[in-house]
Amino acid sequence: MAKIIGGLTTSHIPAVGNAIARDMQQDDYWKPFFDAYPPIHEWLDKHKPDVAINIYNDHGLGFFLDQMPTFAIGAAHEYINEDEGWGIPVMPPFKGDARLSWHIIEGMVNDEFDITSCQELAVDHGFTVPMQLFWPGLGKNPNLPRAIPISANTVQHPIPTLKRALDFGKSLGRAIRSYPEDIKVVILGTGGLSHQLDGERAGFINREFDEMCMEKIVTDPEALTKISRHELVEKAGAQGTEFLMWMMMRGALGDKVNPLLKNYHIPISNTGAGTMLLECIDD
Ligand code: DHB
Ligand code: FE
């Protein structure tokens, strides 16, 4: 049967993609951020997951305000990346796992989650930057897993509640664990933490709130479901709603996790950047 081995979180700031493209990881500005990743690479080298479920939020490349699914799951054999105008080099297509995608969609719809299935999907920086951070070199990296994108709406209100996001993850976890093939799966929850890119509060970052979220996502994710969407925007900024991705990831991991790595660094561009490696504990 398929096994979920752990969860990874990271911010997906496009400037990180630029720093990778220009080999700036050791510069003073970038080093405290990039230093979190080598221990994760070691863990991935040791466990070699076959599939990465990449939970991200599309920012207008795959979907736009005219058509905005609340929850969308990729069901393609490959996913293309296109130029969004950030100056990040366009990446070659990412290999999918359509069989597992359909198994997940089937399981989650049976579980009463209404899913938009996508047999074609362009993936943006929310998906590609984390893939590059965790598997440097992408196609040249022998450990690059097959990937399944899952996107939730954090852009156009009403967005899902934190409770719905955690419940989505729980259902996702059940669907993956019922897959009959013996594969190892890692779940990525990307985006966040606090940031606001526009309006009067542009540049807003809330370290205290981010640190509380990073603690509770390990020890008591249920407590985070008490935060309303309005409060999330107030405390984390308009784009801090990307924390929903972390909640979806966490739900899939089961009750107890072992936090093997935690890094928080501000500022990276306009964002509080959080990185975590949470290993699943077998029941
Ligand atoms: C930034 C952060 C994001 O989440 C994003 O999607 C784009 C830009 C930033 O901090 O620059
Ligand atoms: Fe974003």
Side-chain angles (χ1 to χ4, degrees), residues 8-22 24-25 27 29-34 36-37 54-65 68-72 79 81-91 121-134 149-157 159-160 162 165 188-207 209-210 213-214 217 229 232-249 263-276:
L8 300 170
T9 73
T10 180
S11 304
H12 61 216
I13 306 155
V16 167
N18 271 310
I20 295 171
R22 286 156 215 253
M24 293 161 74
Q25 292 93 327
D27 288 11
Y29 180 84
W30 291 106
K31 192 171 161 33
F33 171 78
F34 280 103
Y37 293 83
N54 187 329
I55 303 176
Y56 76 112
N57 59 296
D58 180 83
H59 300 71
L61 184 74
F63 312 111
F64 199 60
L65 301 181
M68 183 54 68
T70 298
F71 293 115
Y79 302 95
N81 171 232
E82 285 170 7
D83 187 5
E84 300 172 79
W86 295 105
I88 318 177
V90 172
M91 281 152 237
L121 183 59
V123 286
D124 73 4
H125 67 275
F127 176 99
T128 60
V129 169
M131 293 304 286
Q132 275 189 297
L133 281 167
F134 295 131
I150 298 186
S151 176
N153 167 30
T154 63
V155 176
Q156 175 155 285
H157 292 268
I159 62 173
L162 280 91
L188 275 49
T190 75
L193 286 167
S194 60
H195 61 305
Q196 171 137 353
L197 301 178
D198 48 20
E200 272 177 27
R201 293 202 305 161
F204 173 82
I205 290 177
N206 186 345
R207 173 189 275 271
F209 183 74
D210 289 344
C213 288
M214 287 178 82
I217 198 124
R229 289 165 292 179
L232 184 62
V233 172
E234 190 181 297
K235 300 262 173 69
Q239 281 74 41
T241 50
E242 292 176 353
F243 184 63
L244 287 175
M245 277 61 249
W246 291 44
M247 292 293 277
M248 291 161 72
M249 175 282 306
N263 188 52
Y264 182 74
H265 181 66
I266 48 174
I268 290 294
S269 190
N270 296 293
T271 298
T275 306
M276 298 183 85

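We're numbering straight along the sequence, starting at 1. Atoms within a ligand are numbered from 1 in the order they appear, just like the ligands themselves.
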**Student:** Over 60° means perpendicular and under 30° means parallel, so classify the ring planes of Tyr56 and Phe127, tilted if in between.
**Tutor:** perpendicular

**Student:** Should Ile20 and Gln25 count as side-chain neighbours, where that means a heavy-atom distance under 4.5 Å?
**Tutor:** yes

**Student:** Atom 10 (O) of ligand 1: which protein heavy atom is closest, and how many Å away?
**Tutor:** Thr271 OG1, 2.7 Å

**Student:** If the cut-off is 4.0 Å to any non-hydrogen atom of His195, which atoms of ligand 1 fall inside it?
**Tutor:** 2 (C), 3 (C), 4 (O)

**Student:** Side chains of His59 and Gln239 only: does a donor on one sit below 3.5 Å from an acceptor on the other?
**Tutor:** no

**Student:** Nearest protein heavy-atom contact for atom 9 (C) of ligand 1: which residue, which atom, what distance?
**Tutor:** Ser269 OG, 3.4 Å

**Student:** Between Gln132 and Met91, is there a side-chain heavy-atom distance shorter than 4.5 Å?
**Tutor:** yes

**Student:** Mind checking whether Phe33 and Trp30 have parallel, tilted or perpendicular rings, split at 30° and 60°?
**Tutor:** perpendicular

**Student:** Using the side-chain contact (heavy atoms from CB on, under 4.5 Å) rule, pick out the option among Thr241, Asp210, Asn206, Thr271 that qualifies with His195.
**Tutor:** Thr271

**Student:** Within the supplied structure, the quantity of interest is the number of heavy atoms (other residues, nucleotides, ligands) at a distance under 6.0 Å from Arg201 CZ; does it exceed 12?
**Tutor:** yes

**Student:** May I ask you to list the protein N, O or S atoms found at less than 2.8 Å from the Fe ion (ligand 2)?
**Tutor:** His12 NE2, His59 NE2, Glu242 OE2

**Student:** How about Pro160 and Phe71: do any of their side-chain heavy atoms sit closer than 4.5 Å?
**Tutor:** yes

**Student:** When you measure from atom 5 (C) of ligand 1 to each heavy atom in Gln196, Gln239, Glu242, His125, which option holds the nearest one?
**Tutor:** His125

**Student:** In terms of heavy-atom contacts, does CZ of Phe64 have more than 12 from other residues, nucleotides or ligands at under 6.0 Å?
**Tutor:** no

**Student:** When only distance counts, is His59 in polar contact with ligand 1, meaning an N/O pair under 3.5 Å?
**Tutor:** yes

**Student:** In the protein, which heavy atom is nearest to atom 7 (C) of ligand 1, and how far is it?
**Tutor:** Pro14 CD, 3.3 Å

